[in-house]
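Counting starts at 1 for both ligands and their atoms, following the listed order.
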Amino acid sequence: MEIAEDAREAVRSQKSFASHLFEGSFDANQLFPFPEQPPEERAKADLFIEQLTTLLHNKLNPDEVDASGEIPKEVIADLATMGAFALKIPAEYGGLGFSQTSYNRIMMAVASYCGATAVLLSAHQSIGVPQPLVMFGTEEQKRKFLPRFRSGAISAFALTEPGVGSDPAQMQAEAVLSADGSHYILNGEKLWCTNGTIADIIIVIAKTAPKVVNGKSKPQISAFILEMNSPGVEIVHRCRFMGLNGIYNGLLRFTNVKIPKENLIDKEGRGLAMALGTINVGRLTLPAACTGVAKAALSIARKWGNERVQWGMPIGLHEAGREKIAFIASTTMAMEAMSWLTSAWVDKGIDVRIEAAMAKLFCTEMLWRILDQTVQLRGGRGYEKASSLQARGEEPVPIERMLRDSRINTILEGSSEIMHLFLAREAIDSHLQRVQPLLRGKAGAVEKLKTIGKIASFYASWYPQQLLKPLWQSRYPDLGPLAHHYTFASTFTHTLARTLFQYIVRYREGIVKRQLTLGRLMDISTDLFAMAAVCSYATSLAKTEQRDSPIALADYFCLLARRRIETTYSSLSDNDDSETRALAKRVLNQEALWLEEGIIAGASTVKPQPQNAVPA
Ligand SMILES: Cc1cc2nc3c(=O)[nH]c(=O)nc-3n(C[C@H](O)[C@H](O)[C@H](O)COP(=O)(O)OP(=O)(O)OC[C@H]3O[C@@H](n4cnc5c(N)ncnc54)[C@H](O)[C@@H]3O)c2cc1C
């Protein structure tokens with residue numbers, strides 16, 4: 001916990017839109033006007049996307065990548081020539097110098113076409129060497145390593161281990177400083193390292209010597225740049241998955257690998273902070289990528305909804321079909337709004353760790369629902385592979401592959417459950433800060449009494465404000481037909497903050513164990529952010545493009561979000577949580593083993609497939 005909290009401290013800065021939400025303030029000013037890219041920058045990104053689209057259309061068939069498990073070497077070489085591995089690297093280090101918004105627009109386009117290729121580019125530069133180096137590297141490190149990516153060097157990020165997933169502070173990989181202090185000696189294993197089987201350089205996170213702080217030994221976690229051709233680096237296995245068949249993901253083993261001391265990023269002990277800082281921005285690629293896939297699904301759903309006639313009517317016009325089409329289109333627009341808003345905030349230097357986590361949680365979960373509904377709308381064809389559809393003369397619609405490729409999104413770069421916990425920790429932060437002096441062992445009686453006085457006077461005014469503010473809040477006339485959604489969102493923001501506070505008072509330190517309660521509160525806050533983002537986006541689109549469909553989509557999205565918020569809010573007090581806890585415990589205690597009888601258990605061993613071989 002101590003390590004994780006230290007890492008968190010490093011990225012704390014000024015308050016953002018969502019951190020205000022948790023404190024009962026819906027600051028609409030932060031959302032208007034909806035950010036627009038400077039025309040020059042937009043044109044540069046448009047040109048790059050156009051060239052990339054031509055390359056992918058001419059040379060890459062995503063269904064072949066899926067079937068063969070390989071992205072053609074020629075395509076990777078062409079991507080390198082274009083500078084696709086140096087998108088966000090500043091021009092002074094040889095990169096293309098794209099902003100976060102342009103980078104995410106490019107990733108959205110690639111992801112809409114081929115998931116594996118998007119992962120190749122994104123694992124390299126959303127979390128691989130370029131991102132942490134630009135954020136935390138020394139000038140010398142930047143000059144040495146960054147120009148290599150313009151000529152196509154590929155990188156990866158190695159944090160996860162076989163025994164360590166969501167809780168990286170427990171890692172086992174260890175880097176020991178040599179006796180002469182010139183290098184570290186790395187030993188350990190890293191699992192599921194995307195690009196790991198083809199990477200030239202990776203970021204590896206490992207334990208270093210513990211430090212004694214206040215008489216206590218404190219574990220240190222550090223980050224290093226590692227050349228993959230170093231002696232002792234072994235690619236043990238190329239991992240294969242349900243989808244994303246063309247990704248180059250592996251189990252890596254390090255045996256007495258020498259890492260020069262100058263390859264340490266930042267300082268010893270700052271590795272987890274660096275990893276979290278990197279992921280806080282890096283995870284913004286996922287919302288953009290998910291938006292790209294959602295747009296592709298929307299296109300499939302709209303065409304099939306019109307084309308396929310059953311019972312005398314296009315299936316999209318049957319009421320059950322309409323519900324799917326309306327959900328897919330309106331939710332896609334909310335995903336896009338969150339993606340562009342958060343990307344623009346990064347470009348402005350705003351700390352978006354809370355909004356990035358919300359966007360990641362929302363977009364990955366919603367994409368899964370969108371794809372599931374698109375498969376359903378396609379009926380049997382939704383379940384059929386594109387190659388099979390094509391072989392019998394139909395359009396090769398790849399929704400089956402898109403569904404498989406997208407399943408991982410709610411698991412990696414912080415699973416949905418971990419996003420709930422991450423957001424909850426941020427949500428209770430300001431309250432925790434206020435009581436912190438009381439928790440410090442060394443605080444004297446006078447200091448404690450003063451703190452209690454301050455806390456009492458703060459909450460004596462803050463809490464009634466949360467009850468009363470909705471009575472005299474703004475009415476948002478500029479939002480036209482969407483104004484009432486902002487009124488709802490700002491009113492509900494007070495309800496959210498008040499309810500969160502009530503639960504903190506009720507459960508005190510035990511609040512962190514109330515994952516179901518916290519999860520509901522975080523889902524509500526995420527939907528509030530989505531509503532805020534989509535209304536601002538729609539208002540801007542309606543003005544600049546002179547059409548009213550953005551307003552209709554945003555309005556419908558907000559209607560759905562409001563129903564979700566109200567249902568989730570009711571389930572805070574009306575739920576089966578205690579029954580859930582009790583029953584799960586009994587099942588884990590093997591009291592329902594009888595229910596597993598009567599099946600043919602799956603094979604526990606399989607012969608290794610030839611394709612599992614590690615490339616030479
Ligand atoms: C295709 C793919 C690519 C990947 N790429 C990379 C990469 O490039 N680099 C890298 O370092 N890693 C990578 N990973 C690892 C990925 O980030 C981890 O899978 C992820 O962090 C989750 O860890 P885990 O799988 O060990 O799950 P676990 O941590 O074991 O969690 C299993 C389940 O328990 C839940 N859970 C865990 N802790 C809690 C808790 N406290 N409360 C409630 N629920 C909890 C999780 O949400 C999850 O549902 C990749 C994984 C895959 C499959």
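Cation-pi geometry between R270 and F224 is not met at under 6.0 angstrom from the ring centre and within 45 degrees of the axis. Relative to the six-membered ring of F98, K88 misses at least one condition, a distance below 6.0 Å or an angle of at most 45° to the axis.
A donor-acceptor pair shorter than 3.5 Å can be found between the side chains of T285 and S126. Judged by distance alone, the side chains of S339 and T291 do bring a donor and an acceptor atom under 3.5 Å apart. Defined by atom type and a distance below 3.5 Å, a donor-acceptor pair is present between the side-chain atoms of Y184 and E268. If you check the side chains of N187 and N256, you find a donor sitting under 3.5 Å from an acceptor.
Only the side chain of N249 comes within 4.0 Å of ligand 1, judged by heavy-atom distances.
The closest protein non-hydrogen atom to atom 22 (C) of ligand 1 is S166 OG, 3.8 Å. Ranking protein heavy atoms by distance to atom 23 (O) of ligand 1, first place goes to G165 CA, 3.4 Å. Nearest to atom 39 (C) of ligand 1 among the protein's heavy atoms is I418 CD1, 3.8 Å. Nearest protein heavy-atom contact of atom 49 (O) of ligand 1 is E417 OE1, 3.6 Å. The nearest heavy-atom contact from the protein to atom 10 (C) of ligand 1 is T160 OG1, 3.3 Å. Scanning the protein for heavy atoms near atom 20 (C) of ligand 1, the closest one is I411 O, 3.8 Å.
For ligand 1, the atoms lying closer than 4.0 Å to a non-hydrogen atom of F241 are 1 (C), 53 (C). Counting atoms of ligand 1 from 1 in the listed order, those under 4.0 Å from a heavy atom of Q515 are 40 (C), 42 (N), 43 (C). Listed by atom number, the atoms of ligand 1 under 4.0 Å from I408 heavy atoms are 1 (C), 52 (C), 53 (C). Distances below 4.0 Å separate heavy atoms of S415 from the following atoms of ligand 1: 46 (C), 47 (O).
With sequence neighbours excluded, the residues satisfying side-chain contact (heavy atoms from CB on, under 4.5 Å) with R150 are A86, L96.
Heavy atoms only, all atoms of each residue included: F22 and S525 are closest at CE2-OG, 3.5 Å. Between R148 and D200, the shortest heavy-atom distance links the atoms NH2-CB, 4.4 Å. Here the closest non-hydrogen pair linking L191 and C239 is CD1-SG, 4.5 Å.
Residue pairs meeting the salt bridge (charged side-chain N to carboxylate O under 4.0 Å, His left out) criterion with at least one member in residues 569-580, sequence neighbours excluded: R520-D577.
The distance criterion of under 3.5 Å between nitrogen or oxygen atoms is met by F157 with respect to ligand 1. For ligand 1, the polar-atom distance check against W192 finds a nitrogen or oxygen pair separated by under 3.5 Å. Of the polar atoms of A158, none of the N or O atoms is found under 3.5 Å from an N or O of ligand 1, judged by distance alone.
Distances shorter than 4.0 angstrom occur between a heavy atom of L421 and an atom of ligand 1.
Under the 4.0 angstrom criterion, atom 35 (C) of ligand 1 counts as lacking any protein heavy-atom contact. Distance screen at 4.0 Å: atom 14 (N) of ligand 1 has a protein heavy-atom neighbour inside the cut-off. Not a single protein heavy atom sits closer than 4.0 Å to atom 32 (C) of ligand 1. The protein reaches atom 7 (C) of ligand 1 closely, with a heavy atom under 4.0 angstrom from it.
Comparing T194, V512, V204 against atom 3 (C) of ligand 1, the shortest heavy-atom distance belongs to T194.
Proximity of L423 to T526: side-chain heavy atoms (C-beta onward) are separated by under 4.5 Å at one or more points.
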